[in-house]
Structure formats: C-alpha cells, structure tokens
4 protein chains.
Amino acid sequence: MSFSAENKIHFDNDYMAGAHPEVMRRLVETNLDCSIGYGLDDYSKAARELIRQACDAPHALVQFLVGGTQTNATVIDALLRRHEGVLAAMTAHVNVHESGAIEHSGHKVLTLPSHQGKVALSDVEKHVTTFYQDDTYEHMVAPGMLYITQPTELGTLYSLSELEALSRFCHAHHIPLYLDGARLGYALASPAADFTLADIARLCDVFYIGGTKCGCMFGEAVVAPDPERLPHFFPLVKQHGALLAKGRLQGVQFATLFTDNLYVNIARQAVELALQLRNTFEELGYTVAVDSPTNQQFFTLPNAVVDALLEVATFEYWGPRGETESTVRFVTSWSTQPEEVHALQKALIEAV
Amino acid sequence: MSFSAENKIHFDNDYMAGAHPEVMRRLVETNLDCSIGYGLDDYSKAARELIRQACDAPHALVQFLVGGTQTNATVIDALLRRHEGVLAAMTAHVNVHESGAIEHSGHKVLTLPSHQGKVALSDVEKHVTTFYQDDTYEHMVAPGMLYITQPTELGTLYSLSELEALSRFCHAHHIPLYLDGARLGYALASPAADFTLADIARLCDVFYIGGTKCGCMFGEAVVAPDPERLPHFFPLVKQHGALLAKGRLQGVQFATLFTDNLYVNIARQAVELALQLRNTFEELGYTVAVDSPTNQQFFTLPNAVVDALLEVATFEYWGPRGETESTVRFVTSWSTQPEEVHALQKALIEAV
Amino acid sequence: MSFSAENKIHFDNDYMAGAHPEVMRRLVETNLDCSIGYGLDDYSKAARELIRQACDAPHALVQFLVGGTQTNATVIDALLRRHEGVLAAMTAHVNVHESGAIEHSGHKVLTLPSHQGKVALSDVEKHVTTFYQDDTYEHMVAPGMLYITQPTELGTLYSLSELEALSRFCHAHHIPLYLDGARLGYALASPAADFTLADIARLCDVFYIGGTKCGCMFGEAVVAPDPERLPHFFPLVKQHGALLAKGRLQGVQFATLFTDNLYVNIARQAVELALQLRNTFEELGYTVAVDSPTNQQFFTLPNAVVDALLEVATFEYWGPRGETESTVRFVTSWSTQPEEVHALQKALIEAV
Amino acid sequence: MSFSAENKIHFDNDYMAGAHPEVMRRLVETNLDCSIGYGLDDYSKAARELIRQACDAPHALVQFLVGGTQTNATVIDALLRRHEGVLAAMTAHVNVHESGAIEHSGHKVLTLPSHQGKVALSDVEKHVTTFYQDDTYEHMVAPGMLYITQPTELGTLYSLSELEALSRFCHAHHIPLYLDGARLGYALASPAADFTLADIARLCDVFYIGGTKCGCMFGEAVVAPDPERLPHFFPLVKQHGALLAKGRLQGVQFATLFTDNLYVNIARQAVELALQLRNTFEELGYTVAVDSPTNQQFFTLPNAVVDALLEVATFEYWGPRGETESTVRFVTSWSTQPEEVHALQKALIEAV
C-alpha cells in the first residue's frame, strides 16, 4: 500500500522522477540525430565500451534492455536449460513481484530461506547437494542457476567475501551466478560496500546494472564478462519483446552515467540521506526493521507516529507488527533533496 | 541490408530520430516531477482520456506498452485461448520479424496469402470455413483471431469498406480483429485514408496506436474499446515484461500527441514528402514496386541508379529483381525535412 | 532411494505390476477389433457413461489421458488463466515430482504449508484474502485454482467435511477445486473414507480417477461434472501430447474397472493388507511416521530393522531420522498378495 | 472425414487394432511381474540393446515415449535452442496435425514446399543460405533443425541418396536432422527401400522408431546414435508428460518387435497388400494421386466408385477433385488380412 498525495515529500520508491538532469540534457542534445536501431549505433557502442572499462571486463557482452522484470525473465531464460530452475531467496523479486514472468518462460523458481533478503551459502549448498543425492532427482527441477540481488529487496548487501564464497560454490558446481543490480548504484555507493563493480564482474557470470532506479529514464545494462555465457542473446532479447527500436536511447543514457563515475556519484547522496534518516530514527529509539546500509530503510513505528509522518510524506506500508505498531519503508534516490529528508526528520522529532 | 553513413540523408526507417520536439519539451518539463509508477499517475490518466476521446470510445481500456513486438506478443497472448492461433498475412510482422515472440508465448501464426501486405476477406473466409468442415479440426490449430496492420508492412492501406467487411466476418465468427497500428499516424494522415480513428475503434476489438514510429521517443498505446475483451490485461503486461516502471513517461508523450491532433498533424508532412518522392520517381519512369499511399515507398530501380542514390542517402535494399535491377525502400517520418527529400530528388534527376 | 532386487517382495510403489487380470483379459479379448481413434470409439463411450453413473454426474465431461504428470499439467493449463498460478501443498506432486511440467506450461505453483500432505482451509483462506488486500497484487501471481490429492502423497485423506469446506471456500471465491486422484481407488476403499465418488464429483470442479496405480495398465480419467469448466479440452489434450491414438485402450480398461465396482473392490484388499502391516509395526512398538489409512504406510525404524527387512523386501527409503533411525515407506497395491505381507510381518517379528 | 461402420473392412488408418499378437502374448506373460518404473527395468534395458544392435549404433541413447505428437514435441524442444525453429514440409505432421504442440513448447515451424510430402534439398539450402544473408536475420526465427518423415504423410520415401544429401547439408551447417518414423516399419519393408535402419542411424541425429502404428499397443522409441545430441533428455521427457510410469510396457513390446526382425516382417505383408491394391486400381485405369511404395495409397476416383466402395469398406476422404471425382486414402497395417484386400478388390471390380 502506497500513500501518495500532493505537496508531500515522496519516499515511496526510487523510480518516481524521470532521468538525472545530465542524462536528460544528453537525450535532448542528441534527440534529432539519426541513428540505426537496435543498439548498433555509435552511442550504444561507446556506452558498452565505457561499461566494459568500469567492469574491467574488456571482452564482456553488454546488452541494453528496458526494465527489470523483462531483464530477469530474459537472462534467466537464456541461462537455464529447459529442465532447470533458478535458485532464489523466498523474498526475491523474481519469486514475488514479476507476475509469473519467470514461469511464463517455462522455469520454476526454487526458493531458499531469506536472511534479511539474502541467500545463505549453506542453504545453497544444502539444496544442490541433497538434490543430486536423491535417486529421483530427474523427476524434480534441477538447480540450474543462482539469482541474487545486490542490494537486496530489503536494502541489505552481500559482502565481498560472501560474494566470493557463493561464486566459488557456483562455479565448482557449474551453476551460473546471476546478480540483479536493479539498484546496483546504491550498493556501490554504500559506505558498507567492500566490493567494486570489477569484483562483481569477476565473480558473477551475468549481472545487470540497473538504470531505471539509478539515474536513467529507463534501461538496464546486462553484462556477461564472458560472452560465451549468453550465446544468441540478441534474438532472445528480441523474442522476449525486450529489444528497443531506438536502442541509442539507452546508449546515450548509460554513456552519460559511465562518464566520470556519474552512476555511483549520484547514488552516493541518496545513500547518505537514507543513513541520516536512519540515524534520526535510531536516536529517537525506534526499531530498525532491517539493517540496511543502502537507500531503502525499514522501521517499525508506533501507528501514531506513522500517521503523523503521513501528514508530510508518502512512503510504503509493509504491514502491522502487533496491535500498535507497523513496519514502513522509506526510499531515497538520486533525486531526493536534503531539504526533503530534513523536513521528514523534523516531522519525526515533532511526532515524538 | 541497410546502407548507413555519415553526412547522408536517412530514409532507412521511421525510428531513426528521438522524440518529436514538442514531446521532448514536455518530457523535460515534467522530468523531475514525482509520480507513482506503472501508469497509475495523472499524466497517464489524462493521456488515456484523450485517446478515448479521439477514438470516440468512452469506456475503452487504454494500456501503454513500450515497443511493437512486445505489444503484439502480449495482445495476441491475451486474446487467444491456448488451442488457437492467429491468422495473419505471410508478410505480417508477427510472422516474419519478431524472432518467434508469438510462438514463444505458445501460439502458432496461421499464414494467409499477402496481397501487397494485406489479407483478403476471401482468404480469411476460406480458411475459417474449411477449418471447421474438417473432421479432424481439433487436431489442428484453430483460427482464434485475425491480425492486420494499418498501414501494412508494405505501406498499403485497408479501405473503410475492407475494414468493415473483415470486421463483420470476424464478429459473425467470434474471431477478435486486432489491428497493429505501429505506423497508424501515417495511415490516418494519408490522402487515401477514408477511415478515422473512431472507425478503427468501432471495427476492431483491439488495436494499438504506435508511438515509437510516430512522434514518441518510445511507447505504444493498446486500445480495447470494450474492456471486456482484455480481462486481466495489466498482470499479463507485467508478466510479458512490458510494464514500464515510470509509466508516466508514456502518459506524458501520448497526452502531448493527442492534444490538438498533433499525432496526425506531424505524420501528414511525412506522407506528403513520401508522395512527392514517389511522384518524382514516377515522372522519371521508374517502377513503383508497391502502390503505397503512406510514408513507405518501394521502387524497382536500375542498379546504377541505386548506386548513385547511395552516394547521398541511406535506405533499405529489398533484393534483386533480375540481373540489372533492385527493389529498394525509402521511408519518411515526422522528422524528415523537405530539404532532405529535395536533395534526394535532385540526386535522382542527376542520376538519369 | 529404492532397494530393488530379485526374489524379494516388492513394496516400492503401486505401479510395479501391469494390469489387473480382468482388465488384461478384456484387452486381449478386444485386441484385434478395429476401432476409430482418439477415444471416439464405442468402448470409450461406454466407459465414459459408466464413470458418469458412478459419479452421479450425468452430464460430465470424461476424457482419458495416459499418465499423472501429463494429466496434471494439462488440466492445470486448461483451468488457469495466464496470470494465475495453482495453490498446492508444499509436498504436492505438482510442486515436487513433475520435473517442472506445470511451469513448462507457464504457471507458477503457489505453495501452502503441508499438514501431513494436506492443505488447511485456514491457509488457503489466508493466502487468498491477503493476496487481494495487497495493493500490488497485480504484480504477483493470482491464486487461480486449488490443487489437492486424495489420498495425498503421504497416504492421508481429506474427510468429507474438509472437502466440503474447501469446496465452499473455492466456489465462493471463484477458484476451481481440482483433485488429483492418482490413487483414488485406495481412498474410496479405505475404512476411514466418509465420502463417495459422487461426493467428489459434487464438490470438485475437476478431478481425475487414477488408472495407472489402480488396476489399469496405464490411463487416467479426467472428470468435469460441469463440462463448461473445461471448454476446448480435447485440442488442449492433443497439444499437450496426451491424446492416445488408440483411445479405445483406455475405454476398455476403465469400462472393465467401472463394471461391478471392480475399481474399488480391487483397492480394498490393498488397503486391508497395508493396515494389517501397520498393525504389526505398531504392536511391535515402532513409530508410525504418518497416520495413513490407505495403501501407503510410513514408519520410522531402527536402521538395524531396516537392514533386516531389506533381506526379504524392497521398499522406499525416505531419509534418516537422527543417527540410528530412518523413515521408510511400504506401498501395497491391487497386485499385492496376502502371503507377501505375511512374509514381511514374519521378517519384522524376527528382526526384533 | 472418416467413414466407419459395423461389418465393414477398415482401411482408415494403421492404428485401428491393438497390439500384434506376439507383442500381446508377451504383455500377458509378463503382466504380473514386478519391476521398477520409468524404463529402468530389465525389459527396457534389453529392448534398448536390441534396438542399438538393429541400428548398428552401440552407444545410442534409446528412450521410449508413448505417442507421436508427444515424441515430436519433446524431441524438437530438446534439439532447438530458444531462438530457433524447425524446418519442415508444409504437409508435415508437426505443422498440420499436432494442435500446435510445437508452438506450445515455444518453437516456430518454418515451412518448406512439399514435394509429395518430402522436402527438397534445394529448398532447405535456399532457406538456410538466404536466412544468414539477411542483415536482419536476428529478428527472424533461425532454422535450427530439419524435420522429415519416413515414410512421409503421403506414403512416399526418401531414397538413400536423398537422405545422404540432406544429412550432409545439415551436418555441414550444424543443423540436426530429425526423422519422424511413426511408420518406419512400412518404410523399411517397402520394395522401394534402398536404405537400412543402420543407414538412418548413420545419417540422422535423432529419429524415432514408431511403435503405435507398427505392431505395438502404443509406444515410440527415440534413438540418438550420439547421446550427446540429447543431453538431459530424461527430465525433459518427464516435463513433457511423456514418461510412462510402467516403462517396462514399452520395453516388453519393443524387445518383442526387435527379436527376429519381427518389426519389419509384420510390416512387409502390409506393404505387399497395399501394393496389390494399388495394382488393381491402376489396372482398372484409376489415377494414383501419390506415387507411394508403402502402406498408404491415395487414389482419385469417380464419386460413384467411392460410394460403391463405401458399401463394403471404410477409408479416408481427402477432398473433391473437380465436380465428379474425389481423392481417397486406403491404409493397410500389420493387422490387415489378405481376404480384406481381396474383398475390396472385388468390390472395386464390380463397381466399374
């Protein structure tokens, strides 16, 4: 449930505004240029090269798609063989919020317990190991790949050592590791991040750099450091309805974001504001529902406080906790202004 | 094959430029507004209402998607029952150029002869009638809907009476009629058009108003005059990966195009320029390969003339005709400038 | 893991032997008759009529398929709209043991807790109710039908009142109730059964009467008391590869089983033998792992006892319970002989 | 349309009777044996070994399925990558008579002209060659395999040199060649056959040996001489609902048919009777509609003759030829008796 209204500050999600102004400036500047379609243009070529450099993956396949659900469905369909399913946390976007797009392509989501949005290596190991110990395993859906989100749907992060351990296990068992980076900018910009984009490229078989929530008007960049991992990906993207005619639009946007590190820089302010907000809540003694170091913050608050905050802001309601409290989510983005956070902090202090 | 190069005039297709300047202006103006996602925002509501008015279809379901292949796959999947296929001309986009997106959703394309890109009522009648006369018809794919394009992939138009006849037959046989309007603006703006948008809404069960090729940066508007024709369409759009997070982007664009008839007005110049080009070719004695009254023009030219034109322009090669001639396609769009057509005409005259 | 070997008694499962001798006799008798295919023959007509009578469902659609996984995939595909999934217990065959056949047809299995193999009405209610309370429900897979097994994969039974309550809830919420009766004979023959085949036909929208495990060589009979529930089912069966050319084979088999109540009569001895076995285990103080009143019996035994029994019999190993015990499954069928059970009982007593 | 009635001779198709008596005898003999399921039993192992010997393919994967449509859908799904389609003659069973089973699995049938049911190498070459010459080929469905039937749906045969030429082309272009042998026995038994089963195994990547129409009660044996061609085929068979629980049933049947060459021997009489029938028609001056050397014979007859024959026999009507003639099909099988053919010949002579 989302409370939205006029003249309020918006913390509902990170896709409420359009494009970052610098991205928009470039879209306007190049608007009447003529270019060939489907990402074969020079803007797209340049963007792909900038992304390869940022990932330290000089031979990577980089393919632009339009949105997150579409990207997940297409990549998962490309990576899995028909008898295989995708391992994912119970809370994973692909399991919960994609209207069955993964199953529409014929694949089962094999759920693992969610540890604050993350999968535990031990659960992955247990699933894969016991699977092949079962005599009837060919009557069941084989674990064909592992899907993780960074940051997770709950704002949490896998540490570098966690990523390395998952990657090691997956590679030892020939299970591709796929990282959904819908909010990857906010992960890379977190003070808690002990990994780089190059680490992700080194450890994952395929991942995507989210644009929609991180400065683009729309668009996601799929990266396969070893292109052999995604053979015949282009026609599959087309078949999934995910190939934009004016592919240069994504090229222009990603080229802008991957110049002078803009992608991470604009995310940094969002994370800082989110953590300031968290500080205020904690100082006032409220419970942090999830220990998130990124742009999504979850609190369990007295219902009266929720009501008071709703006078000035919109945000997501995540459900009741007992009779008198509720859990709510506040999301910042590159477009969130410091004054907006200050106004919320002020309202919070007054609500006490 | 597409000849593209620097400093040339581009007649390759109608999606080489970005958005119409007025559309871009509105995207910039609204860029930093915050709005809720998935088309539930006020811009999208306004756009849907403007489209309903233009279609004289006050209760229509209007849903925005991103691109054409995606839209066709989603609508066809929504309209067909599982044992049914879609009737379409052999040359139809859904049969030829969508990388199997229709089949990916589980449906067969049942091909009919192409008459300059159009299906003939007599062929539809014959297919449907003989199908149900066959004792084993339940072992075959039932004709569940009819797909047509307006204008067709060859630039031709169905007349009002042709549309009425197809509609009458389809409705009598409970076969939904679906019109792919990827280039619908160029149909409505043609001097040969004897139908209106309201006629299309009256005669078709579902159709889409193309944005990508007709002034939008991207986006297509699916219209079902009777919303009962597309029950549960929203989750199906999501499942197909066709739901844009920032739905308001399409709302802003379509609201702009459906204000003061901009949608048709910007297409009119494109069609006029295309017909001027055709005149020049005909005056010089060249063969028109297809009798098209819209923005796509096909000519069969001596190879020497093709080579001469390639010095100044880019356009599509459609294949050899004998030893010494080739068929080529020239496409104009809202972004084509009169001077560009004049330059091509000049080059053509000099090439003689 | 299945222990199988020569000269042992087999309790592995209920599909180890061929057809019941009476069924086989009829197959031989009719073997060289010529008949038209695909179930349009007179044997199939007679079988359908006998099943309608046994179900007290005079207008029922009765369609024969070949095997269980195929039947589940086809019926579920027929009942669900594209944006819907199937509610089922975590332990349901469709969720665990069909190699992803449900997802292959595009549908998600929405899992509910398993209560000894059964779903609880309260869990169904909670799932359906909270689903539609969520603002974002159109981004999730809608609960489109309920799948239950009778008896369950663990041998347990829904009582008549449980079936009535599930049916009432499903119908109030327009969610078809589908019952997988792979072992339905052993349910109807159980002393614990307080329902009849007519009750099942009255309460379920669709169900299937299992043949493969209940006396047929192969074959399952899908029943929809109201045929409107399965429109265009025949071509869908064909599309799923589930239509047997020589449909009369199923007709002959089911007509035999539904003459003089043979279907239930041959299951009765199997259940009685299973319960005798259970008695012996309980008298000797062993733990019944599941309280099953049908032909599958689950016990947790000391590993030494398991080893001793393996000297004379084959049965399924279901996993360790601590260091020194294991859970195992014994299954009887219409082909199990009293002497075989006696031999196992003897071995058990000697093993103490 | 099929004319069927009591006390007539049946030439409708080759699946009207049950199993060959010798096959039935073995099914009865082994009926109460207990064996493990899913084809892991000793009967199936023996059958697989006998088939490998008959094919001179000692390492072949041999997997039993139940019926033809199911087999085609499963094999094609296994061989194709997602962006690929299957090349087949316009008249191919997979294109016409499988209710869209191929498309249900997500694949397009790419049709080629039918030359009396066969595809011409020149058409295959043209399709594949022009496909990759098109700049936009990634927007189209790639030719991923070739499907042929032997004998074809029209009873015709590919000669050894035709098979060799198709095989050579396919292998040179990395396109698997798949042969649908629903009636393979009648091909091998034809006096026109200049190929052996070993030739087929040598030239095809995958093929199936039809059981349903050639002596089995039901069942088809898929053979992949190089098992690497069908990796993970077992779970895919299960996923397609094509795995029979009592797999030994197919094992028993195929082991019987592949002992002492029974498979071909019982087909030989069928072909001989079909050719005797053809002789009579030709001697009487009637037109052979298709030049078939196998068990299906097609004639174009005066309608009065058709009516006369319908008094004594049932057979398939294939449509009118002008005002006064019709084309009809007569099919013999292993169960056809010489007296039945004689009776038809007699009726034919009297009808003149």
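All figures in this text were calculated on a predicted structure; none of them were measured in a lab.
- Only the side chain of D:Tyr38 comes within less than 4.5 Å of a heavy atom of chain C; its backbone N, CA, C and O stay farther away.
- Both the backbone and the side chain of C:His240 have a heavy atom closer than 4.5 Å to some heavy atom of chain D.
- At least one donor-acceptor pair closer than 3.5 Å links the side chain of C:Lys246 to the backbone N or O of D:Gly18.
- Taking C:Glu98, C:Met217, C:Glu103 one by one and counting their heavy-atom pairs under 4.5 Å with chain D, the maximum is reached by C:Met217.
- Contact tally against chain D (heavy-atom pairs below 4.5 Å) for C:Gly100, C:Gly106, C:Gly67: the top residue is C:Gly100.
- Heavy-atom pairs under 4.5 Å with chain C were tallied for D:Thr69, D:Thr30, D:Leu65, D:Asn31; the largest tally goes to D:Asn31.
- Side-chain contact between D:Asp77 and C:His104 is present, with at least one heavy-atom pair separated by less than 4.5 Å.
- When atom types are taken as modelled, the side chain of D:Gln239 and the backbone of C:Ser99 share a donor-acceptor pair closer than 3.5 angstrom.
- Contact annotation for D:Ala73: neither backbone nor side-chain heavy atoms come within less than 4.5 Å of a heavy atom of chain C.
- Once rounded to the nearest 0.5 Å, the distance linking OH of C:Tyr15 with CG of D:Leu244 reads 11.0 Å.
- Contact tally against chain D (heavy-atom pairs below 4.5 Å) for C:Ala101, C:Pro21, C:Ser35, C:Ala242: the top residue is C:Ser35.
- Heavy-atom distances place no part of D:Leu243 under 4.5 Å from chain C, backbone and side chain included.
- The distance from the CZ atom of D:Phe218 to the CD atom of C:Gln250 is 9.5 Å, given to the nearest 0.5 Å.
- Under the 4.5 Å side-chain criterion, counting only non-hydrogen atoms from C-beta, D:Leu32 is not in contact with C:Met24.
- Using a 4.5 Å cut-off between heavy atoms, D:Arg248 touches chain C through its side chain atoms alone.
- Per-residue heavy-atom pair counts under 4.5 Å with chain D were compared for C:Ser335, C:Gly241, C:Ser105, and the maximum is reached by C:Gly241.
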